[in-house]
Each structure stands twice: as C-alpha cells, then as structure tokens.
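Some notes on the structure that comes next.
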Amino acid sequence: INHMAAVAESGATPSSMFSVLAKFKEYGEISKEAGRISRNMNMFGLDVISALRDVKSRSPSKQFKDFLEGLTTTIQTGGSLKKYLKEESKQSMFNYRINREKYTQMVSIYADIYTALLIAAPLVLIAILAILNVIGGTVFGLPTDLLIRLGIYIAIPILNIMFLAFLQMTQPTM
C-alpha cells in the first residue's frame with residue numbers, strides 16, 4: 001500500500017499503478033493480484049472498477065478484499081485516490097506495528113517458558129541423575145547413566161525442535 005501510495009502520488013493512473021506493483025515480486029501474492037488487475041484492464045479491456053471487482057471476487061484474503069472494496073468505492077465516488085492510499089497505508093502500518101508488538105510480548109513469555117523448561121529443568125535433572133549415578137541405583141529400573149544419555153542426546157534436542165516448530169507456527173504472517 002505504501003508503494004501504491006507513492007506511485008499514485010506521482011500522478012499515475014490506477015492502471016499503471018497496478019502494472020508497476022505487479023513487477024515487484026517481493027510482494028508475493030499481492031504482485032500476482034496486481035498483475036491480474038493490470039491484465040484485466042490492458043488485455044481484456046475491462047475498466048478499473050470491473051477489473052478490481054473481478055480480482056476482489058477471487059481473492060482469498062479478507063484484508064485484500066476490503067482494501068480493493070475501498071479502492072473501488074473511492075474511484076467510483078470520485079474521491080482522492082492519493083488520500084485513500086495514504087490513509088490505508090497509515091492504517092496498515094499501524095496494524096502491522098500492533099501485531100508485531102503483540103508477537104514480541106508473546107515471544108518474551110515464550111522465552112521465559114523456554115528458560116524454565118528447556119534450560120533450567122534439564123540442568124537440575126542431569127545434576128540429580130549425576131549424583132544418583134555416583135551413589136548408585138536406578139530410576140524406574142533404568143540405570144542413571146542411560147537416562148542421562150537419553151536426556152542429553154534425545155529428549156532435549158527433540159524438545160528444542162518442538163519449541164522451534166511451535167514458534168514458527170505461532171509467528172504472525174504479514
């Protein structure tokens with residue numbers, strides 16, 4: 001939206017604005033959608049409103065649909081495209097910052113949990129098992145040196161991998 005606002009600020013038409021946006025592949029699916037809008041206007045001869053409605057009807061993203069609906073309404077009513085894109089850009093950046101802040105707070109909580117469960121607890125457990133190994137004996141019928149090896153080489157790495165997967169799954173997509 002920032003990029004679109006900058007292009008619109010230069011006085012470009014909506015058609016050229018979407019053509020420019022389609023060339024930036026780092027925008028991912030948005031670039032593809034912009035390419036479809038541009039294609040609908042340039043190849044199929046649709047007007048801007050029809051092209052936007054066509055892409056809006058096929059888009060899986062609710063946020064993108066809402067954005068295209070606002071863009072369509074602005075163009076239909078003769079509103080200022082520059083002003084609309086600027087406001088949407090500000091709102092999107094605000095929402096992005098809020099979501100990132102929430103995620104940062106959650107990661108802070110996850111870091112505390114990680115420290116307690118995957119650093120401190122294994123250290124204490126290994127220390128207790130090492131002392132039991134010196135004294136002699138078994139835990140649940142298993143020798144303590146075997147439990148130490150299982151914990152160090154299997155349990156702790158698996159728990160760390162599971163924690164990293166959990167972090168990856170809870171990361172917000174933008």
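Because only heavy atoms are used, hydrogens play no part in the values below, and waters and symmetry mates are left out as well, while side chains stay in.
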Audit row: L71, L85, side-chain contact (heavy atoms from CB on, under 4.5 Å) steps and yes/no: CA-CA 8 Å; L71 195 60; L85 290 172; 4.1 Å; yes
Side chains of L21 and V7 in contact at under 4.5 Å (non-hydrogen atoms): no
Measuring only between side-chain heavy atoms, which start at C-beta, is R53 closer than 4.5 Å to T72? yes
Under 3.5 Å, side chain of N160 to main-chain N/O of I156, donor-acceptor pair present? yes
Assign the ring pair F163 / Y114 to parallel, tilted or perpendicular, where the plane angle (0 to 90°) is split at 30° and 60°. tilted
So does S15 get a backbone contact from the side chain of S19, meaning a donor-acceptor N/O pair under 3.5 Å? yes
Report yes if some heavy atom in the side chain of F94 is under 4.5 Å from a heavy atom in the side chain of K90; otherwise report no. no
Where the side chain of S16 meets the backbone of A12, is there a donor-acceptor pair that is under 3.5 Å apart? no
Heavy-atom distance under 4.5 Å between the side chains of S80 and T74, does that happen here? no
For K65, look at atom NZ and say whether over 12 heavy atoms of other residues, nucleotides or ligands are found less than 6.0 Å away. yes
Are any non-hydrogen side-chain atoms of L118 and I113 less than 4.5 angstrom apart? no
Verify whether one side chain among S50 and D47 offers a donor that lies under 3.5 Å from an acceptor in the other. yes
Do the non-hydrogen side-chain atoms of I148 and L125 ever get within less than 4.5 Å of each other? no
Is the backbone N or O of K56 less than 3.5 Å from a side-chain atom of S59, with the two atoms forming a donor-acceptor pair by type? no
Find out whether D145 and L129 are in side-chain contact, i.e. whether some heavy atom of one side chain is under 4.5 Å from a heavy atom of the other. no
Atom CZ of residue position F44 - does it have more than 12 heavy atoms of other residues, nucleotides or ligands inside 6.0 Å? yes
Close side-chain approach of T144 to T138, heavy-atom, < 4.5 Å: no
